[in-house]
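Computed over heavy atoms, backbone and side chain alike; hydrogens, waters and symmetry mates excluded. Starting from 1, each residue takes its place in the sequence as its number. Values in this document were obtained by computation on a predicted structure and should not be read as measured data.
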Amino acid sequence: MKQELISKIKLALSTNDFFAGKSVNEETIKKAEKELNVNFDNDYVQFLRLFGGSYTGFPVYGFNNCEMLSEETVIDLTKDFRNSYSIDNRCELIQLSYVISISGNGDPVFISPDNKVWIYYHDDDETEELNKSFEELIEQNLMV
């Protein structure tokens with residue numbers, strides 16, 4: 001991520017500890033990638049290493065989540081949605097991706113192998129690209 005964005009995130013999180021997670025070590029991240037059989041986006045990795053699971057205007061799950069988010073990790077969310085959707089062959093893209101958030105309606109927000117951010121609307125059985133990158137997702141939703 002650009003240094004300017006990192007500085008803005010730090011400022012936003014400094015005003016409310018409730019939104020700030022705790023940093024994650026490289027070993028935890030590597031184990032998660034292996035367990036999920038994915039390569040996390042570099043910006044997502046950097047976010048986790050600096051901020052853990054945090055709310056920056058958009059809830060980002062990972063590890064060491066902030067108080068506002070549940071304790072579910074990216075591993076938990078990904079496995080839950082993969083298992084749920086594999087039963088009836090919905091949202092095949094999620095099988096190759098990892099879930100970083102859940103919308104207010106319970107729809108998974110995930111990053112695909114090409115590092116784009118998607119949402120799957122389970123009620124409509126439709127997938128929509130939200131952002132071209134994780135960094136773009138954070139920039140567009142950053143609370144100021």
Which heavy atom in F51 sits nearest to a heavy atom in S54, and how many Å separate them? O-OG, 2.7 Å
Under-4.0 Å salt bridge between E4 and K8: yes
Within-4.5 Å side-chain heavy-atom neighbours: L50 and I9: no
Side chain to side chain, K79 and E35, heavy atoms closer than 4.5 Å: yes
Parallel, tilted or perpendicular, judged at 30° and 60°: which one describes the rings of F134 and Y44? perpendicular
So P59 and M68, do their side chains get closer than 4.5 Å, heavy atoms only? no
Below 4.5 Å, heavy atoms only, C-beta onward: do L77 and V74 meet side chain to side chain? no
Is F18 reachable from V60 through a run of hydrophobic residues whose side-chain heavy atoms are each under 4.5 Å from the next? yes
Establish whether F19 and V24 are linked, either directly or via other cluster members, by ILVMFWY side-chain heavy-atom contacts under 4.5 Å. yes
Between S23 and N64, what is the shortest heavy-atom contact and its length? O-ND2, 2.8 Å
Decide whether L96 and V45 are clustered together by the hydrophobic rule: side chain heavy atoms of Ile, Leu, Val, Met, Phe, Trp, Tyr closer than 4.5 Å, transitively. no
So, taking the atom named OG1 in T28 and the one named CD in E33, what distance separates them when rounded to the nearest 0.5 Å? 11.5 Å
Please examine the side chains of P113 and V38, heavy atoms only from C-beta on, and report whether any two atoms are closer than 4.5 Å. no
Donor-acceptor check, side chain of D107 to backbone of S103, threshold 3.5 angstrom: yes or no? no
When every non-hydrogen atom of S97 is compared with those of T78, the smallest separation belongs to O-CG2, 3.6 Å
Can you confirm if the aromatic rings of Y98 and F110 lie within a centre distance of less than 6.0 Å? no
With heavy-atom distances below 4.5 Å as the criterion, would you say the side chains of W118 and E128 are in contact? no
State plainly whether one hydrophobic cluster holds both L69 and F63, where clusters connect Ile, Leu, Val, Met, Phe, Trp and Tyr through side-chain heavy atoms under 4.5 angstrom apart. no
Gap between atom CD1 of I111 and atom CG of L130 - 0.5 Å precision: 10.5 Å
Over all atoms of both residues, closest heavy-atom pair of N105 and H122: O-CE1, 3.1 Å
With clusters defined by side-chain heavy atoms of hydrophobic residues (ILVMFWY) lying less than 4.5 Å apart, directly or transitively, does I29 cluster with V99? no
Determine whether L142 and L5 satisfy the following criterion, side chain to side chain contact (heavy atoms under 4.5 Å, CB included), listing intermediate values before the conclusion. CA-CA 9 Å; L142 187 64; L5 179 58; 4.0 Å; yes
Within the distance-only criterion (no hydrogens, no angle test), does the side chain of N65 pair as donor or acceptor with the backbone N or O of Y61 below 3.5 angstrom? no
Determine, for E129 against K132, whether the closest basic-nitrogen to carboxylate-oxygen distance falls under 4.0 angstrom. yes
Donor-acceptor contact present, side-chain E135 to main-chain K2, <3.5 Å: yes
Taking the six-membered ring for Trp, are Y85 and F81 parallel (under 30°), tilted (30 to 60°) or perpendicular (over 60°)? tilted
After noting the C-alpha distance and the side-chain angles of S86 and Q95, does the key distance pass the side chain to side chain contact (heavy atoms under 4.5 Å, CB included) rule? CA-CA 8 Å; S86 69; Q95 300 301 324; 3.8 Å; yes
Can you tell me if CG on D114 sees more than 12 non-hydrogen neighbours from other groups inside 6.0 Å? yes
E26 atom CD, over 12 foreign heavy atoms within 6.0 Å: yes
Under the side chain to side chain contact (heavy atoms under 4.5 Å, CB included) criterion, do L93 and S112 qualify, and how do the steps go? CA-CA 7 Å; L93 182 57; S112 60; 4.1 Å; yes
If I compare all heavy atoms of N141 with all of L137, which pair ends up nearest, and what's the gap? ND2-O, 2.8 Å
Among T56, N131, D43, V117, which residue satisfies the side chain to side chain contact (heavy atoms under 4.5 Å, CB included) criterion with I138? T56
Counting only heavy atoms from other residues, nucleotides and ligands, does the tally under 6.0 Å from CD of Q140 exceed 12? yes
Flag side-chain contact, heavy atom, 4.5 Å: R82 against L36: yes
How far apart are the C-alpha atoms of E139 and M1, what are their side-chain angles, what is the distance that settles it, and do they pass the side chain to side chain contact (heavy atoms under 4.5 Å, CB included) test? CA-CA 10 Å; E139 283 179 316; M1 287 186 291; over 6 Å; no
4.5 Å side-chain heavy-atom contact, Y120 and E126: no
d(C66 SG, N16 CG) to nearest 0.5 Å is 9.0 Å
Counting only heavy atoms not in D124, do more than 12 fall under 6.0 Å of its CG? yes
With rounding to the nearest 0.5 angstrom, report the CG to CG distance, N115 to N42. 7.5 Å
Basic-acidic side-chain contact under 4.0 Å: E27, K30: no
